[in-house]
Amino acid sequence: MILLQSHSRFLLQTLLNRLHNLDKTIELDYHWVEFDDVRYHIQVSMKNPHHVLLSVSLPTPPPETVSAFYGGLPFGALEAIKIAYSGIVQILDPPRDGFNLTLRLNLSKLPPDEEYRHAILVKIASVREVVLGAPLRVILKGLGSRTAASNLDRLVALVHRPKESLFLIPQAEKVTVVFPMRFKDSIDIVLATSFLQEFVEARRTAGLSNAPLCLWSPTPPLELKGAPAEALSANAGFVTIVIFPRHVEGKKLDRTVWSLSTFHAYVSYHVKCSEGFMHTRMRRRVESLIQALDRAKPDSENSKKTGHNASFKRLSLKEGRTSRK
(Lines give C-alpha, C1' and ligand atoms only; values in the text may rest on other atoms or scores of the structure.)
Protein backbone atom coordinates (compact mmCIF):
# COMPACT_ATOMS: atom_id res chain seq x y z
CA MET A 1 0.00 0.00 0.00
CA ILE A 2 1.18 3.51 -0.83
CA LEU A 3 0.81 6.16 1.89
CA LEU A 4 0.22 9.77 0.89
CA GLN A 5 2.93 12.28 1.76
CA SER A 6 2.09 14.89 4.37
CA HIS A 7 3.49 17.81 2.39
CA SER A 8 2.25 19.40 -0.81
CA ARG A 9 4.83 18.53 -3.45
CA PHE A 10 3.91 21.50 -5.64
CA LEU A 11 4.14 23.92 -2.71
CA LEU A 12 7.49 22.51 -1.61
CA GLN A 13 8.91 22.70 -5.12
CA THR A 14 7.67 26.27 -5.52
CA LEU A 15 9.30 27.34 -2.25
CA LEU A 16 12.59 25.63 -3.15
CA ASN A 17 12.65 27.25 -6.59
CA ARG A 18 11.98 30.65 -5.08
CA LEU A 19 14.67 30.13 -2.43
CA HIS A 20 17.27 29.25 -5.06
CA ASN A 21 16.41 32.36 -7.09
CA LEU A 22 16.22 35.03 -4.42
CA ASP A 23 18.45 37.32 -6.48
CA LYS A 24 15.83 37.36 -9.25
CA THR A 25 12.83 39.64 -8.77
CA ILE A 26 10.20 37.29 -10.16
CA GLU A 27 6.49 37.77 -9.49
CA LEU A 28 4.52 34.62 -8.61
CA ASP A 29 0.76 34.14 -8.37
CA TYR A 30 -0.31 30.48 -8.26
CA HIS A 31 -3.68 28.93 -7.44
CA TRP A 32 -4.17 25.18 -7.14
CA VAL A 33 -6.38 22.58 -5.44
CA GLU A 34 -5.27 19.32 -3.84
CA PHE A 35 -7.16 16.31 -2.53
CA ASP A 36 -10.17 16.86 -0.24
CA ASP A 37 -10.70 20.29 -1.80
CA VAL A 38 -7.88 22.09 0.03
CA ARG A 39 -7.11 25.23 -2.01
CA TYR A 40 -3.79 27.06 -2.02
CA HIS A 41 -2.72 30.49 -3.21
CA ILE A 42 0.93 31.56 -3.19
CA GLN A 43 2.09 35.07 -4.06
CA VAL A 44 5.46 36.80 -4.45
CA SER A 45 5.47 40.46 -5.49
CA MET A 46 8.18 42.40 -7.30
CA LYS A 47 8.18 44.92 -4.45
CA ASN A 48 9.02 42.32 -1.76
CA PRO A 49 10.74 39.42 -3.55
CA HIS A 50 11.85 37.80 -0.26
CA HIS A 51 8.34 37.65 1.17
CA VAL A 52 5.99 34.78 0.30
CA LEU A 53 2.28 34.99 1.04
CA LEU A 54 0.63 31.60 1.42
CA SER A 55 -3.16 31.36 1.74
CA VAL A 56 -5.06 28.15 2.48
CA SER A 57 -8.77 27.43 2.10
CA LEU A 58 -10.18 24.43 3.96
CA PRO A 59 -13.04 22.14 2.89
CA THR A 60 -16.55 23.46 3.51
CA PRO A 61 -17.50 22.20 7.00
CA PRO A 62 -20.79 20.35 7.50
CA PRO A 63 -23.24 21.71 10.10
CA GLU A 64 -22.25 19.21 12.81
CA THR A 65 -18.64 20.49 12.83
CA VAL A 66 -19.41 24.20 13.32
CA SER A 67 -18.76 23.98 17.05
CA ALA A 68 -15.23 22.72 16.33
CA PHE A 69 -14.32 25.88 14.37
CA TYR A 70 -13.06 29.11 15.89
CA GLY A 71 -12.47 32.11 13.65
CA GLY A 72 -12.69 29.97 10.52
CA LEU A 73 -10.07 27.44 11.72
CA PRO A 74 -10.43 24.13 13.57
CA PHE A 75 -9.87 24.35 17.32
CA GLY A 76 -6.21 24.10 18.24
CA ALA A 77 -5.06 25.20 14.77
CA LEU A 78 -3.61 28.57 15.78
CA GLU A 79 -1.63 26.99 18.63
CA ALA A 80 -0.40 24.25 16.29
CA ILE A 81 0.75 26.83 13.72
CA LYS A 82 2.63 28.83 16.35
CA ILE A 83 4.37 25.69 17.63
CA ALA A 84 5.23 24.34 14.16
CA TYR A 85 6.37 27.65 12.68
CA SER A 86 7.67 29.52 15.71
CA GLY A 87 9.59 32.57 14.53
CA ILE A 88 9.41 31.49 10.87
CA VAL A 89 6.05 32.75 9.61
CA GLN A 90 3.64 35.49 10.52
CA ILE A 91 -0.13 34.91 10.67
CA LEU A 92 -2.02 37.66 8.89
CA ASP A 93 -5.31 38.70 10.48
CA PRO A 94 -7.68 38.83 8.73
CA PRO A 95 -6.66 36.35 6.02
CA ARG A 96 -7.08 37.01 2.32
CA ASP A 97 -10.66 37.02 1.06
CA GLY A 98 -11.97 33.53 0.38
CA PHE A 99 -9.33 31.81 2.53
CA ASN A 100 -9.22 30.54 6.11
CA LEU A 101 -5.54 31.24 6.73
CA THR A 102 -2.82 33.49 5.30
CA LEU A 103 0.84 33.17 6.29
CA ARG A 104 3.77 35.47 5.47
CA LEU A 105 7.17 33.82 5.10
CA ASN A 106 10.44 35.77 4.85
CA LEU A 107 12.83 33.53 2.92
CA SER A 108 15.83 35.71 3.76
CA LYS A 109 15.46 34.84 7.46
CA LEU A 110 15.72 31.08 6.97
CA PRO A 111 18.75 29.44 8.66
CA PRO A 112 21.89 29.02 6.53
CA ASP A 113 22.15 25.26 7.16
CA GLU A 114 20.79 23.67 4.01
CA GLU A 115 19.42 20.49 5.63
CA TYR A 116 17.64 22.39 8.41
CA ARG A 117 16.31 24.92 5.91
CA HIS A 118 14.88 22.14 3.75
CA ALA A 119 13.21 20.59 6.80
CA ILE A 120 11.55 23.93 7.57
CA LEU A 121 10.22 24.25 4.02
CA VAL A 122 8.85 20.69 4.18
CA LYS A 123 7.06 21.64 7.41
CA ILE A 124 5.59 24.73 5.75
CA ALA A 125 4.48 22.62 2.79
CA SER A 126 2.70 20.37 5.35
CA VAL A 127 0.42 23.22 6.44
CA ARG A 128 -2.64 21.12 5.62
CA GLU A 129 -1.62 18.51 8.19
CA VAL A 130 -0.85 21.18 10.79
CA VAL A 131 -4.21 22.95 10.39
CA LEU A 132 -6.72 20.18 9.69
CA GLY A 133 -4.97 17.70 11.97
CA ALA A 134 -4.86 20.12 14.94
CA PRO A 135 -8.10 18.97 16.66
CA LEU A 136 -7.18 15.33 16.17
CA ARG A 137 -3.72 16.02 17.59
CA VAL A 138 -5.20 17.66 20.69
CA ILE A 139 -7.43 14.66 21.37
CA LEU A 140 -4.72 12.08 20.71
CA LYS A 141 -2.27 13.96 22.91
CA GLY A 142 -4.81 13.63 25.71
CA LEU A 143 -4.95 9.93 24.98
CA GLY A 144 -1.16 9.70 25.24
CA SER A 145 -1.30 11.24 28.70
CA ARG A 146 -4.31 9.04 29.61
CA THR A 147 -6.54 12.07 30.12
CA ALA A 148 -9.61 13.01 28.10
CA ALA A 149 -10.20 16.75 27.67
CA SER A 150 -13.08 17.81 29.91
CA ASN A 151 -14.30 20.50 27.49
CA LEU A 152 -14.94 18.01 24.67
CA ASP A 153 -18.31 16.50 23.87
CA ARG A 154 -18.90 12.77 24.02
CA LEU A 155 -19.09 12.78 20.22
CA VAL A 156 -16.75 15.12 18.32
CA ALA A 157 -17.27 15.81 14.61
CA LEU A 158 -14.30 17.01 12.55
CA VAL A 159 -14.29 18.13 8.92
CA HIS A 160 -12.10 16.13 6.57
CA ARG A 161 -13.80 16.50 3.18
CA PRO A 162 -16.19 19.08 1.66
CA LYS A 163 -19.43 18.90 3.69
CA GLU A 164 -18.34 15.58 5.19
CA SER A 165 -17.07 14.79 8.66
CA LEU A 166 -15.41 12.07 10.66
CA PHE A 167 -16.44 11.33 14.23
CA LEU A 168 -14.35 10.85 17.36
CA ILE A 169 -15.39 9.36 20.69
CA PRO A 170 -12.58 10.38 23.08
CA GLN A 171 -12.03 8.39 26.26
CA ALA A 172 -9.17 8.19 28.73
CA GLU A 173 -8.06 4.70 27.62
CA LYS A 174 -8.89 4.88 23.88
CA VAL A 175 -10.19 7.10 21.08
CA THR A 176 -12.69 5.63 18.64
CA VAL A 177 -12.66 7.15 15.15
CA VAL A 178 -15.58 6.50 12.77
CA PHE A 179 -15.48 7.30 9.04
CA PRO A 180 -18.71 7.39 7.00
CA MET A 181 -17.42 6.35 3.57
CA ARG A 182 -19.11 8.03 0.62
CA PHE A 183 -18.34 7.78 -3.09
CA LYS A 184 -20.07 9.29 -6.12
CA ASP A 185 -19.29 6.69 -8.77
CA SER A 186 -21.16 3.37 -8.59
CA ILE A 187 -18.02 1.40 -9.52
CA ASP A 188 -16.06 3.17 -6.79
CA ILE A 189 -18.73 2.19 -4.26
CA VAL A 190 -18.38 -1.51 -5.14
CA LEU A 191 -14.58 -1.44 -5.15
CA ALA A 192 -14.36 0.60 -1.94
CA THR A 193 -16.73 -1.76 -0.12
CA SER A 194 -14.65 -4.76 -1.16
CA PHE A 195 -11.41 -2.95 -0.34
CA LEU A 196 -12.58 -1.96 3.14
CA GLN A 197 -13.73 -5.48 3.96
CA GLU A 198 -10.33 -6.84 2.92
CA PHE A 199 -8.73 -4.03 4.90
CA VAL A 200 -10.46 -5.29 8.03
CA GLU A 201 -9.51 -8.91 7.29
CA ALA A 202 -5.84 -7.97 6.80
CA ARG A 203 -5.80 -6.49 10.32
CA ARG A 204 -6.38 -9.99 11.73
CA THR A 205 -3.08 -11.36 10.45
CA ALA A 206 -0.43 -12.13 13.04
CA GLY A 207 2.02 -9.52 11.75
CA LEU A 208 -0.47 -6.70 12.34
CA SER A 209 -1.53 -7.64 15.84
CA ASN A 210 -0.27 -4.30 17.22
CA ALA A 211 -2.08 -2.22 14.60
CA PRO A 212 -5.21 -0.27 15.60
CA LEU A 213 -8.42 -2.27 15.76
CA CYS A 214 -10.37 -1.82 12.52
CA LEU A 215 -14.03 -2.68 11.87
CA TRP A 216 -16.41 -2.20 8.96
CA SER A 217 -20.21 -2.24 8.96
CA PRO A 218 -22.86 -1.30 6.38
CA THR A 219 -24.88 0.53 9.06
CA PRO A 220 -23.87 3.26 11.54
CA PRO A 221 -22.16 1.84 14.65
CA LEU A 222 -23.66 2.41 18.08
CA GLU A 223 -21.01 5.02 18.87
CA LEU A 224 -22.74 7.42 16.43
CA LYS A 225 -26.00 7.42 18.35
CA GLY A 226 -27.16 11.02 18.55
CA ALA A 227 -25.34 12.17 15.40
CA PRO A 228 -27.39 14.08 12.77
CA ALA A 229 -29.19 11.81 10.35
CA GLU A 230 -27.78 13.60 7.27
CA ALA A 231 -24.26 12.89 8.53
CA LEU A 232 -24.92 9.14 8.67
CA SER A 233 -25.60 8.55 4.98
CA ALA A 234 -22.76 6.38 3.69
CA ASN A 235 -23.07 4.30 0.53
CA ALA A 236 -19.83 2.38 1.24
CA GLY A 237 -20.44 1.66 4.92
CA PHE A 238 -18.70 2.84 8.08
CA VAL A 239 -15.11 2.20 9.14
CA THR A 240 -14.31 2.23 12.85
CA ILE A 241 -10.68 2.54 13.99
CA VAL A 242 -9.78 2.30 17.67
CA ILE A 243 -6.62 4.15 18.75
CA PHE A 244 -4.89 3.13 21.98
CA PRO A 245 -2.12 5.02 23.86
CA ARG A 246 0.60 2.83 22.31
CA HIS A 247 -0.33 4.18 18.86
CA VAL A 248 0.46 7.80 19.79
CA GLU A 249 3.68 7.36 21.74
CA GLY A 250 6.56 9.62 20.71
CA LYS A 251 6.95 10.03 16.96
CA LYS A 252 3.97 7.76 16.28
CA LEU A 253 1.64 10.68 17.02
CA ASP A 254 2.46 12.55 13.79
CA ARG A 255 2.01 9.47 11.63
CA THR A 256 -1.27 8.52 13.33
CA VAL A 257 -2.68 12.04 12.94
CA TRP A 258 -1.78 12.16 9.25
CA SER A 259 -3.04 8.64 8.51
CA LEU A 260 -6.41 9.36 10.12
CA SER A 261 -6.71 12.80 8.52
CA THR A 262 -6.22 11.37 5.03
CA PHE A 263 -7.90 7.99 5.42
CA HIS A 264 -10.63 8.68 2.87
CA ALA A 265 -8.12 10.05 0.35
CA TYR A 266 -5.98 6.95 0.96
CA VAL A 267 -8.92 4.64 0.20
CA SER A 268 -9.94 6.70 -2.85
CA TYR A 269 -6.39 6.53 -4.22
CA HIS A 270 -6.23 2.74 -4.00
CA VAL A 271 -9.75 2.35 -5.38
CA LYS A 272 -8.78 4.37 -8.46
CA CYS A 273 -5.54 2.38 -8.77
CA SER A 274 -7.51 -0.88 -8.61
CA GLU A 275 -9.93 0.39 -11.23
CA GLY A 276 -7.08 1.41 -13.52
CA PHE A 277 -5.36 -1.96 -13.00
CA MET A 278 -8.51 -3.86 -13.94
CA HIS A 279 -9.01 -1.73 -17.05
CA THR A 280 -5.41 -2.45 -18.07
CA ARG A 281 -5.93 -6.19 -17.58
CA MET A 282 -9.15 -6.05 -19.60
CA ARG A 283 -7.44 -4.23 -22.47
CA ARG A 284 -4.58 -6.75 -22.48
CA ARG A 285 -7.09 -9.61 -22.49
CA VAL A 286 -8.95 -8.12 -25.45
CA GLU A 287 -5.67 -7.63 -27.31
CA SER A 288 -4.68 -11.27 -26.70
CA LEU A 289 -8.08 -12.47 -27.98
CA ILE A 290 -7.74 -10.35 -31.10
CA GLN A 291 -4.27 -11.82 -31.71
CA ALA A 292 -5.68 -15.34 -31.30
CA LEU A 293 -8.42 -14.58 -33.84
CA ASP A 294 -5.87 -13.15 -36.26
CA ARG A 295 -3.80 -16.34 -35.99
CA ALA A 296 -6.91 -18.43 -36.66
CA LYS A 297 -7.60 -16.70 -39.99
CA PRO A 298 -6.73 -18.80 -43.10
CA ASP A 299 -3.79 -17.83 -45.27
CA SER A 300 -4.49 -15.32 -48.01
CA GLU A 301 -3.62 -17.82 -50.80
CA ASN A 302 -5.97 -20.49 -49.44
CA SER A 303 -8.76 -17.99 -48.88
CA LYS A 304 -8.75 -17.10 -52.61
CA LYS A 305 -9.32 -20.70 -53.72
CA THR A 306 -12.09 -23.22 -53.12
CA GLY A 307 -12.07 -27.01 -53.51
CA HIS A 308 -12.95 -26.64 -57.27
CA ASN A 309 -10.41 -23.89 -57.95
CA ALA A 310 -13.23 -21.36 -58.05
CA SER A 311 -13.19 -18.05 -56.29
CA PHE A 312 -16.01 -16.32 -54.49
CA LYS A 313 -17.20 -12.89 -55.48
CA ARG A 314 -19.16 -10.61 -53.19
CA LEU A 315 -22.29 -9.48 -55.02
CA SER A 316 -24.27 -6.38 -54.29
CA LEU A 317 -27.98 -6.60 -53.62
CA LYS A 318 -28.77 -5.13 -57.06
CA GLU A 319 -26.53 -7.63 -58.87
CA GLY A 320 -28.15 -10.51 -57.02
CA ARG A 321 -31.64 -9.52 -58.18
CA THR A 322 -30.44 -9.21 -61.80
CA SER A 323 -28.91 -12.68 -61.78
CA ARG A 324 -32.15 -14.24 -60.50
CA LYS A 325 -34.10 -12.68 -63.37
*Judged by atom type as modelled, is there a donor-acceptor pair below 3.5 Å linking the side chain of Asn48 to the main-chain atoms of His51?*
no
*asked:* Once salt bridge (Lys or Arg N to Asp or Glu O under 4.0 Å) is applied, do any residues pair with Asp294, and if so which ones, sequence neighbours excluded?
replied: Lys297
*asked:* Listing request: all ring-ring contact (aromatic ring centres under 6.0 Å, His included) pairs with a residue in residues 213-240, at least two apart in sequence or in separate chains.
replied: none
*Are the side chains of Pro74 and Leu158 in touch, meaning some heavy atoms are under 4.5 Å apart?*
no
*Should His264 and Tyr269 be marked as a ring pair (Phe, Tyr, Trp, His ring centres under 6.0 Å) after you check the CA-CA gap, both sets of side-chain angles, and the distance that decides it?*
CA-CA 9 Å; His264 196 289; Tyr269 174 81; over 10 Å; no
Atom pairs and distances, donor-acceptor, side-chain atoms in residues 185-194, under 3.5 Å, two or more places apart:
{"unit_1": "Asp185", "atom_1": "OD2", "unit_2": "Ile187", "atom_2": "N", "d": "3.0"}
{"unit_1": "Asp185", "atom_1": "OD2", "unit_2": "Asp188", "atom_2": "N", "d": "3.3"}
{"unit_1": "Asp188", "atom_1": "OD1", "unit_2": "Lys272", "atom_2": "NZ", "d": "3.4"}
{"unit_1": "Asp188", "atom_1": "OD2", "unit_2": "Lys272", "atom_2": "NZ", "d": "2.8"}
{"unit_1": "Thr193", "atom_1": "OG1", "unit_2": "Ile189", "atom_2": "O", "d": "2.7"}

*When rounded to the nearest 0.5 angstrom, what is the spacing between OG1 in Thr256 and CD in Glu249?*
10.0 Å
*Measure the OG-CG distance between Ser45 and Leu53 for me, rounded to the nearest 0.5 Å.*
7.5 Å
*Contact summary for Cys214 and Val200, nearest pair of heavy atoms*: O-CG1, 3.4 Å
_With a 4.5 Å cut-off on side-chain heavy atoms, are Val175 and Val248 touching?_
no
*asked:* In the structure I gave you, are the side-chain heavy atoms of Leu16 and Leu121 within less than 4.5 Å of one another anywhere?
replied: yes
*For Asn21, does its backbone N or O pair with a side-chain atom of Arg18 as donor and acceptor, under 3.5 Å?*
yes
*Let me see the working for Glu275 and His279 under side-chain contact (heavy atoms from CB on, under 4.5 Å), right down to the final yes or no.*
CA-CA 6 Å; Glu275 188 175 351; His279 286 171; 3.8 Å; yes
*Picking from Leu58, Val33, Val56, Asn100, what satisfies side chain to side chain contact (heavy atoms under 4.5 Å, CB included) with Arg39?*
Val33
*Once you round to the nearest 0.5 Å, how far does CG of Leu260 lie from CD1 of Ile243?*
5.0 Å
*Out of Leu166, Leu196, Leu215, which one pairs with Val239 under the side chain to side chain contact (heavy atoms under 4.5 Å, CB included) rule?*
Leu196
Using residues 80-98 as the side-chain source, report each donor-acceptor pair under 3.5 Å to any protein atom, sequence neighbours left out, with the distance given to one decimal.
{"unit_1": "Tyr85", "atom_1": "OH", "unit_2": "Lys123", "atom_2": "O", "d": "2.7"}
{"unit_1": "Gln90", "atom_1": "OE1", "unit_2": "Arg104", "atom_2": "NH1", "d": "3.0"}
{"unit_1": "Arg96", "atom_1": "NH1", "unit_2": "Gln43", "atom_2": "OE1", "d": "2.5"}

*asked:* If I compare all heavy atoms of Ser165 with all of Pro180, which pair ends up nearest, and what's the gap?
replied: O-CD, 3.5 Å
*asked:* So, using salt bridge (Lys or Arg N to Asp or Glu O under 4.0 Å) as the criterion, who are the partners of Glu164 when residues are at least two apart?
replied: Arg161, Arg182
*Might you work through the side-chain contact (heavy atoms from CB on, under 4.5 Å) test for Val286 and Met282, ending with a clear yes or no?*
CA-CA 6 Å; Val286 170; Met282 291 168 63; 5.6 Å; no
*Write down the atom of Leu143, the atom of Glu173, and the distance for their closest heavy-atom approach.*
CD1-C, 3.6 Å
_Between His247 and Asn210, do the side chains contain a donor N or O and an acceptor N or O under 3.5 Å apart?_
no
*Are Pro49 and Ile26 side-chain neighbours, meaning at least one heavy-atom pair lies under 4.5 Å?*
no
*Atom pair CD1/NZ of Ile169 and Lys225 - distance to nearest 0.5 Å*: 13.5 Å
*Do the side chains of Met181 and Phe263 get nearer than 4.5 Å, heavy atoms only?*
yes
*With the 4.5 Å side-chain cut-off for hydrophobic clustering, are Leu132 and Phe10 part of the same group?*
yes
*Would Phe167 end up clustered with Leu222 when hydrophobic side chains under 4.5 Å apart are linked, directly or stepwise?*
no
_Separation between CZ of Arg295 and CD1 of Ile290, rounded to the nearest 0.5 Å_ = 12.0 Å
*asked:* The test is side-chain contact (heavy atoms from CB on, under 4.5 Å); show your working for Ser268 and Phe183 and say whether it passes.
replied: CA-CA 8 Å; Ser268 299; Phe183 295 87; 3.4 Å; yes
*List the steps and the verdict of side-chain contact (heavy atoms from CB on, under 4.5 Å) for Ser55 and Leu101.*
CA-CA 6 Å; Ser55 300; Leu101 174 69; over 6 Å; no
*For Arg128 and Val38, which heavy atoms make the closest approach, and how far apart are they?*
NE-CG2, 3.5 Å
_Would you say that Pro111 contacts Ile120 through its side chain, given a criterion of any heavy-atom pair below 4.5 Å between the two side chains?_
yes
_ILVMFWY cluster, Tyr30 and Val44 together (side-chain gap under 4.5 Å)_ = yes
*Rounded to the nearest 0.5 Å, what separation is found between the CD atom of Glu201 and the CD atom of Gln197?*
8.5 Å
*Using the test salt bridge (Lys or Arg N to Asp or Glu O under 4.0 Å), find all partners of Glu79 that sit at least two apart in sequence or belong to another chain.*
none
*Can you find a heavy atom in the side chain of Arg117 that is under 4.5 Å from one in the side chain of Leu19?*
yes
_Can a side-chain donor-acceptor contact be found between Glu34 and Ser8 if the only test is distance below 3.5 angstrom?_
yes
_Side-chain heavy-atom pair Leu11, Ile42 within 4.5 angstrom cut-off_ = yes
*Pair Ser274-His270, side-chain donor/acceptor within less than 3.5 Å*: no
*Co-membership, hydrophobic cluster, residues Val159 and Phe99, 4.5 Å side-chain*: no
*Please work out whether the ring planes of Trp32 and Tyr40 are parallel, tilted or perpendicular, with thresholds of 30° and 60°.*
parallel
*Same hydrophobic cluster for Val267 and Leu213, using side-chain heavy-atom links shorter than 4.5 Å among ILVMFWY?*
no
